[in-house]
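Take a look at the structure set out below.
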Amino acid sequence: MSQPLHDWNLDPKAAIALQRRLASYLELEDRLEPVRHLAGVDIGFEAGGEVTRAAVVVLEWPFLGVVEEVVHREPTRMPYIPGLLSFRELPAALAAFGKLSIRPELVMVDGQGIAHPRRLGVASHLGLWLDLPSIGVAKSRLCGHHGEPGPERGDWVPLLDGRGERQETIGVVLRSRRGVKPIFVSPGHRISLPTALDWVVQCLGRTKLPEPTRLADRLASRRIASHHS
DNA sequence: GCGACAG
DNA sequence: ATCTTGTCGC
């Protein structure tokens, strides 16, 4: 691609046009290297939103032990606008990735992949930018419609968007844990939906979120692991 | 025009 | 996302 991947000072209209163009570069078929390390990415805020804190956690596959963690802080530059989340979070996330010594073969991002109005959620945008396979793992829905997944861990239903003939599957609504609200999984870049779902399920511990995202979430939110006896 | 709306 | 105590449940 010859066009720049981003322009952080875009007005909403230009940002939307950019998303449409970038989405055309997405690869939704599997193109993964053997996975040795996978990363979880999430963003948090401090000082009432003035400071953006990006966290990246790298885990080893298949034991899911943490092998590297990075936290990067910088001034927040954009407000949160539904559909334009990546313009607010990606600068910090990319800076955090730049501090990483290990290059993971797969990335899970807290947010949507292609389950986005223009098929370019933050997970897709990040994957495209880094040219890495990426998966979106969101805690709630941005767009699309779906039924209620079964009650057991691993149960899921498709997340659909559009009507009639032009209806498309943009992700899955997964019951990652019994008795808990389901999570929204969608491919980001260089990965298919079945493979993305498989990776998320394989990374599930006994919590709602898969390990990569869960740990990044904790780091970004300054939460500390609590112990139970 | 009226809702919906990742984090 | 973030501001926040106690409380219900495995």
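Every chain is numbered from 1 and lettered A, B, ... according to where its sequence line falls, protein lines coming before strand lines. Both backbone and side-chain heavy atoms feed into the values below; hydrogens, waters and symmetry mates do not.
Here the side chains of A/Pro187 and A/Ser192 are not in contact, with every heavy-atom distance at 4.5 Å or above. Between A/Leu22 and A/His125, some side-chain heavy-atom pair lies under the 4.5 Å cut-off.
Comparing B/dG7, B/dC5, C/dT2 against the side chain of A/Glu89 picks out B/dG7 as the nearest.
The phosphate of B/dC5 has neither OP1 nor OP2 within less than 4.0 Å of any side-chain N or O from A/Ser140. Remark: A/Lys139 is not in phosphate contact with B/dA6, judged by side-chain N or O atoms under 4.0 Å from OP1 or OP2. OP1 or OP2 of B/dC5 sits under 4.0 Å from a side-chain N or O of A/Arg141.
A/Leu84 comes within 4.0 angstrom of a nucleotide base, judged by non-hydrogen atoms across all strands. Heavy atoms of A/Glu46 sit nowhere under 4.0 angstrom from any nucleic acid atom. Within the nucleic acid shown, A/Gly44 comes within 4.0 Å of sugar-phosphate atoms alone, with no base atom in reach, counting heavy atoms only. Residue-level contact check: A/Gly49 touches neither bases nor backbone, having no heavy atom under 4.0 Å from any strand. Base engagement by A/Tyr80 is indicated by at least one non-hydrogen atom pair under 4.0 Å involving a base atom.
Between A/Asp110 atom CG and C/dA1 atom P there is a gap of 7 Å when expressed in whole angstrom units. Counting to the nearest Å, the C1' atom of C/dA1 and the CZ atom of A/Arg73 are 15 Å from each other. Rounded to whole angstrom, the span from the CG atom of A/Asp42 across to the C1' atom of B/dA6 amounts to 11 Å. Spacing between atom CG of A/Leu90 and atom C1' of B/dG7 amounts to 12 Å, rounded to whole angstrom units. A/Arg177 places its CZ atom 11 Å from the P atom of C/dC10, with the value rounded to the nearest Å. In this structure, A/Arg178 places its CZ atom 11 Å from P of C/dC10, rounding to the nearest Å. In this structure, CD1 of A/Ile43 is placed 11 Å from P of C/dT2, rounded to the nearest angstrom. One interatomic measurement links the two molecules: CG of A/Leu174 to C1' of B/dA6, which rounds to 17 Å at whole-angstrom precision.
Side-chain N or O atoms of A/Glu105 include one that pairs as donor or acceptor with a backbone N or O of A/Arg36 at under 3.5 Å.
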Please determine whether side-chain hydrogen bond (donor to acceptor under 3.5 Å, both in side chains) holds for the pair A/Asp110 and A/Thr213, giving the CA-CA distance in whole Å, both sets of side-chain angles, and the decisive distance to 0.1 Å. CA-CA 6 Å; A/Asp110 190 318; A/Thr213 294; over 6 Å; no
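If you check the side chains of A/Thr52 and A/Glu89, you find no donor sitting under 3.5 Å from an acceptor.
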